[in-house]
Every structure is written in C-alpha cells, then in structure tokens.
There are 2 protein chains.
Amino acid sequence: METIPHPEIDAVQLSTVLTALSDPTRLAIVRRLAEAGCEIACSGLGDAAYKTKLSYHLRILREAGLTRTRAEGTSRLVSLRSAEIDSRFPGLLAAVLRAEREPSDLI
Amino acid sequence: METIPHPEIDAVQLSTVLTALSDPTRLAIVRRLAEAGCEIACSGLGDAAYKTKLSYHLRILREAGLTRTRAEGTSRLVSLRSAEIDSRFPGLLAAVLRAEREPSDLI
DNA sequence: CCTTATGTTCAATATTTTTTGAACAAGCGG
DNA sequence: CCGCTTGTTCAAAAAATATTGAACATAAGG
C-alpha cells in the first residue's frame, strides 16, 4: 500500500536537490544512506529524541526526489535513489559524497 | 588594492557552496560566468533595476568561495573560481553546470 | 569642481525554513 | 482489546534568508 508520494525523477529540479543537500542534517542522512547502500528505518537515521525533526527532514529529502520511503509494518524504510539521481544529474551525487565529511554534519 | 575579502579555498564548506548554488538567481549567475569563462562586470550579470539584490547575491557567492571579485575603476569584475572549486570538490561544479538550465532560472 | 555611472551598505520588511510540542495513526505482541 | 513502538501531522514560535529603498562611496569624464 504505497500511499507515500514520490516525485518522478524527470520532474526533479536541480535547485530543489541542491537545497535539500545543503542542510548538514540532511547531508548526513544522505551520507549514511549512501554508505549503507540499502534501506534503513527512520530509527536508524536519527536520534529518537528528535523524531519530528527527522520526519521533517526526511520529507524534504523525499519530496526533493533524493530518497524513497516505503512503509513496512510500523516502520518506514528509507533508501537513496542513487541511480535515478545519477541519471538525472550525472556525477552530482558522487561529487557531493566524495567531499570529505565536515564536523558540522550531524543528525 | 584588494580590499574585498575572499575565503581561502580550503576553508570553503560543502554545505555553504550547496546553499549558494541552490538559489535560482545565483545559479543563473554562476552559469553565465561559467559560459563566459572570464571576468564579467556586475552590470553584465543582472538588471540595473535590482542593483542591491544583485549585490546581495554576489556577496553570497563570493563569501561561499564560488566567485572572485576585483575592483577595476568604478566597476567590479566577477569571475568563477572554477579550478579552485574543482580541486576542493572534484566534479561538483561540472555536474551542476551539466544539468540543463531550468525555466525558473533568472537574474 | 560637478555630474554621472557603478556598486555597496544599512535598516526595515517580507518570506521561507527550521524547530518544538501536543495530538494522532496504525501495526504488533500479549 | 490494550499498551507499546514507530512515525506523522498540525500549528505556533524561532531563526535564517531574501527583498526593498534610501543614503553613501568612489572613479571617470567633462
């Protein structure tokens, strides 16, 4: 029952993607998803004490077309749309992930 | 007499660069500078009717480390720090510039 | 000098984005 | 059915960004 909306990759705009990636919290989430290379539950992406904050940032990432979220039981599994993003904006995600992690990155 | 401050390329942070690039007005300026491949005066980068707006966005770009500004007579010449940015964040600028221009881009 | 052309700065607004807390939803295990 | 876990939504507050207009700075040309 996929009721969670995701944009078509062709409808994704560059500036929206850049805005999504420009926030350190979200960049850290994207890094973690990239390193994992698989779906991760929300609970594995942030501190339980800041659930609504995480929920907000995950929505921004999803609506920007960077991630895909799927409900599984009572949790939600999030993954990076790496291949799609790379086909839409070749090299962009790789370049961002290649940059070294900065101390300000946090979740 | 270089009194205009510019960040060292090594001090430039990824999220600052992404924030700077995420605004359509600034992205359009960066594109124009990239296509020109040389210095351009402010007057060639925006509408004269919105001078202070342009000034603001150029300052954001400069402080983010994306551009270099140099005074020449009564005008200021702006250029893209392409090579430096590419050494700091390999492939990033190229990937951004490779993405097709969107209709929302404007100055 | 005086004037014009380029741009900047400052302060006030307006707008957008983030953060928070309270309330809600839905699945799961007992 | 109950209570617990996971996570969302909503509205309010806080914080960060962007836009505007008035005033200023400085170089160049006459």
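Below, chains carry the letters A, B, ... as their sequence lines are ordered, and counting in each starts from 1.
Protein atom CG of A/Asp47 is 13 Å distant from nucleotide atom P of D/dT6, rounded to whole Å. In this structure, A/Lys53 places its NZ atom 17 Å from C1' of D/dT8, rounding to the nearest Å. In this structure, CZ of A/Arg76 is placed 7 Å from C1' of D/dT8, rounded to the nearest angstrom. The CG atom of A/Leu54 sits 9 Å away from the C1' atom of D/dG7 (whole-angstrom rounding). Rounded to an integer number of Å, the gap from CG of B/Leu77 to P of D/dT26 is 18 Å. Remark: C1' of D/dT8 and NE2 of A/His57 are 15 Å apart, rounded to the nearest angstrom.
For A/Glu63 and A/Arg59, the salt-bridge test passes: some basic side-chain N is under 4.0 Å from an acidic carboxylate O. Between A/Arg68 and A/Glu84 a salt bridge is recorded (basic side-chain N to carboxylate O distance below 4.0 Å).
Between A/Arg59 and D/dG7 there is no side-chain polar atom (N or O) within less than 4.0 angstrom of OP1 or OP2.
The only option from B/Val78, B/Thr69, B/Ile29, B/Leu45 that meets the side chain to side chain contact (heavy atoms under 4.5 Å, CB included) definition with B/Leu61 turns out to be B/Ile29.
Partners of A/Pro90 according to the side chain to side chain contact (heavy atoms under 4.5 Å, CB included) rule, which considers only residues two or more places apart in sequence or in another chain, are B/Arg98.
Judged by distance alone, with hydrogens and angles left aside, the side-chain atoms of A/Arg26 form no donor-acceptor pair with the main-chain N or O of A/Ile60 at under 3.5 Å. A donor-acceptor pair is defined here as one N or O able to donate and one able to accept, closer than 3.5 Å; such a pair exists between the side chain of B/Thr67 and the backbone of B/Arg62.
Along DNA chain C, the stretch of nucleotides lying under 4.0 Å from any heavy atom of chain A spans, 5' to 3', C/dT17 to C/dC28.
Backbone-only engagement by B/Ser43 is indicated by non-hydrogen atom pairs under 4.0 Å involving sugar-phosphate atoms exclusively. Residue A/Thr52 is classed as a base contact, given a heavy-atom separation below 4.0 Å to a base. Nucleic acid contact for A/Ala41: sugar-phosphate only, since backbone atoms but no base atoms lie under 4.0 Å from a heavy atom of the residue.
Checking A/Ser22 against A/Gly73, the closest nucleotide of DNA chain C that is more toward the 5' end is the one next to A/Ser22. Taking the nucleotide of DNA chain D with the nearest heavy atom to each of A/Leu58 and A/Thr74, the more 5' of the two is matched to A/Thr74.
Tracing side-chain contacts under 4.5 Å through hydrophobic residues (I, L, V, M, F, W, Y), one reaches B/Leu33 starting from B/Leu97; they form part of the same cluster.
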